[in-house]
Amino acid sequence: GREIAELSLPGMPHLGSGITWEYQGHPVMATPNLKEPVVSVIDMTTWETVRQIKTLGAGFFMRSHENTPYAWTDGFNSKDNRDVMHIIDKRTLEVVKILRPSPGKTAAHVEFTRDGKYVLISIWENDGALLLYDAATLKEIKRLPLNKPSGKYNVFNKITRSTGTSRRSSGSRASPGPASRRPRRP
């Protein structure tokens with residue numbers, strides 16, 4: 001392939017966890033950084049860095065949804081702040097809230113429900129839990145005790161490339177790709 005652009009990204013971005021949305025009329029991509037406490041926001045038209053959003057620690061997982069103004073990212077790779085969840089306002093590119101759902105325990109694997117009304121977070125410990133948050137009020141609704149919960153990916157949001165849950169070029173929803181037309185396994 002050919003080079004499209006050289007991006008100024010500190011440390012090591014986690015592009016597989018990158019998300020997209022429209023910001024000031026342009027499609028942007030945001031990605032947490034595996035080694036630096038920053039989320040990079042890139043304009044996908046000009047390939048220029050729009051903003052480096054400071055966080056309390058290097059992250060791994062980042063998600064949003066087209067029905068919410070917020071993006072959520074963790075501090076999974078942080079030495080001292082693995083227990084945080086950063087809430088970023090997609091309109092201002094500012095951290096508007098920092099949650100510590102279980103102080104001292106790893107908060108990770110953020111995912112939205114199909115309709116974007118709720119956010120699921122794993123407390124990734126042997127004595128962990130699956131947490132359910134209201135995506136509008138940012139308040140915890142339910143806590144289910146579980147042993148190191150992970151892998152709760154929303155397949156619908158992924159195969160339809162729901163904005164904020166996957167990387168995509170622009171627009172609010174794409175038609176399902178070939179993966180959605182595959183026969184279901186029993």
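Computed over heavy atoms, backbone and side chain alike; hydrogens, waters and symmetry mates excluded.
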message: For the CD atom of E94 and the CG atom of D89, what is their distance to the nearest 0.5 Å?
response: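 Separation between the atoms: 8.5 Å.
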
task: Using side-chain hydrogen bond (donor to acceptor under 3.5 Å, both in side chains) as the criterion, list what pairs up with T106, not counting sequence neighbours.
output: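 With neighbours one apart ignored, the set is R82, E125.
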
- request: Kindly give the heavy-atom pair with the smallest separation between A129 and P149, and that separation in Å.
  value: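 Reported closest heavy-atom pair: O-CG, 3.3 Å.
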
field: Separation of Y23 OH from R51 CZ (nearest 0.5 Å)
entry: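 The CZ atom of R51 sits 5.0 Å away from the OH atom of Y23.
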
query: How many angstroms lie between CZ in F61 and OG in S150, if you round to the nearest 0.5 Å?
result: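 Going from the CZ atom of F61 to the OG atom of S150 covers 8.0 Å.
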
- request: First locate atom CE of M85, then atom CG of L138, and finally report the distance between them rounded to the nearest 0.5 Å.
  value: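 Reported value, rounded in 0.5 Å steps: 12.0 Å.
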
query: Does N126 use its side chain to pair, donor to acceptor, with the backbone of N147 at less than 3.5 Å?
result: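 Not confirmed, N126 side chain does not pair with N147 backbone.
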
query: Are any of the side-chain heavy atoms of L120 and L132 separated by less than 4.5 Å?
result: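 L120 reaches L132 side chain to side chain.
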
- prompt: Can you tell me if NZ on K148 sees more than 12 non-hydrogen neighbours from other groups inside 6.0 Å?
  reply: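 Enclosed.
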
- prompt: What's the shortest heavy-atom distance between T113 and K117, and which atoms?
  reply: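 Result for this residue pair: OG1-N, 3.4 Å.
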
query: Do L99 and I87 touch side chain to side chain, with heavy atoms closer than 4.5 Å?
result: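 Side chain of L99 against side chain of I87, heavy atoms only: contact under 4.5 Å found.
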
message: Please evaluate residues S78 and D80 with respect to the criterion side chain to side chain donor-acceptor pair (under 3.5 Å), reporting the C-alpha separation (whole Å), side-chain torsions for both, the decisive distance (0.1 Å), and the verdict.
response: CA-CA 6 Å; S78 171; D80 301 320; 5.9 Å; no

From W21 atom CH2 to M29 atom CE, the distance as rounded to the nearest 0.5 Å: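 Spacing of CH2 (W21) from CE (M29) equals 10.0 Å.
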
field: Whether R63 side chain and V119 backbone form a donor-acceptor pair below 3.5 Å
entry: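 No; zero donor-acceptor contacts below 3.5 Å.
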
query: Same hydrophobic cluster for F76 and M12, using side-chain heavy-atom links shorter than 4.5 Å among ILVMFWY?
result: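 Per the 4.5 Å side-chain linkage, F76 and M12 are co-clustered.
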
- prompt: Same hydrophobic cluster for V38 and V50, using side-chain heavy-atom links shorter than 4.5 Å among ILVMFWY?
  reply: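 No; V50 is not reachable from V38 via cluster members.
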
query: Which heavy atom in R143 sits nearest to a heavy atom in S102, and how many Å separate them?
result: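 What the structure gives for the nearest pair is NH1-OG, 2.8 Å.
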
field: Residues in side-chain hydrogen bond (donor to acceptor under 3.5 Å, both in side chains) contact with S40, at least two apart in sequence or another chain
entry: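 With neighbours one apart ignored, the set is Q52.
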
message: List the residues meeting side-chain hydrogen bond (donor to acceptor under 3.5 Å, both in side chains) with R100, not counting sequence neighbours, and say none if there are none.
response: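 In terms of side-chain hydrogen bond (donor to acceptor under 3.5 Å, both in side chains), with neighbours along the sequence ignored, R100 is linked to N81, D83.
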
- prompt: Judged by atom type as modelled, is there a donor-acceptor pair below 3.5 Å linking the side chain of T68 to the main-chain atoms of Y70?
  reply: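 Checking the backbone N and O of Y70 against the side chain of T68, a donor-acceptor pair under 3.5 Å is found.
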
message: Treating T49 as the side-chain partner and I42 as the backbone partner, does any N or O pair qualify as donor plus acceptor under 3.5 Å?
response: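 Checked: no pair found.
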
field: Smallest separation among heavy atoms of A71 and I19, with atom names
entry: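 Here A71 and I19 meet closest at CB-CD1, 3.8 Å.
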
- prompt: Is T45 reaching over with its side chain to a backbone N or O of H26, donor-acceptor style, under 3.5 angstrom?
  reply: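 No; judged by distance alone, with no hydrogens or angles, the pair does not exist.
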
field: side-chain hydrogen bond (donor to acceptor under 3.5 Å, both in side chains) partners of T31, counting only residues at least two apart
entry: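 If we apply the side-chain hydrogen bond (donor to acceptor under 3.5 Å, both in side chains) test to T31, skipping adjacent residues, there are no hits.
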
For the student: nearest non-hydrogen atoms of L34 and P13, plus distance: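 Minimum heavy-atom separation between L34 and P13: CD1-O, 4.4 Å.
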
Rounded distance [0.5 Å steps], CD1 in I88 versus CD1 in I98: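 Atom-to-atom, I88:CD1 and I98:CD1 are 9.5 Å apart.
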
query: Should the ring pair H109 and W124 be called parallel, tilted or perpendicular, given that the plane angle runs from 0 to 90° and is split at 30 and 60?
result: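 If you compare the ring of H109 with that of W124, the planes turn out perpendicular.
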
message: Has H65 got a side-chain atom pairing as donor or acceptor with E111's backbone, closer than 3.5 angstrom?
response: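 The answer is no, because no donor-acceptor pair under 3.5 Å joins these two groups.
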
query: Looking at residues at least two apart in the chain, or sitting in another chain, which of them share a side-chain contact (heavy atoms from CB on, under 4.5 Å) with E48?
result: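 Listed in chain order: T46.
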
message: Check E66 with K90, please: is the shortest side-chain N to carboxylate O separation under 4.0 Å?
response: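 Result for this pair is no, no salt bridge flagged.
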
hydrophobic_cluster_shared for L130 and Y133, side chain cutoff 4.5 Å: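 Different clusters.
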
field: Transitive ILVMFWY side-chain link Y118 to L146, under 4.5 Å
entry: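 Yes, same cluster.
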
Residues which pass side-chain contact (heavy atoms from CB on, under 4.5 Å) with D134, listed by chain and number, not counting sequence neighbours: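 Only A136, T137, I141 meet the side-chain contact (heavy atoms from CB on, under 4.5 Å) criterion with D134.
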
query: Which atom names give the shortest non-hydrogen contact between A135 and G116, and what distance separates them?
result: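 Taking A135 first and G116 second, the nearest heavy atoms are CB-O, 3.3 Å.
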
message: Within the 4.5 Å heavy-atom criterion, are F112 and N67 side-chain neighbours or not?
response: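 A side-chain contact is absent here, since even the closest heavy-atom pair is not under 4.5 Å.
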
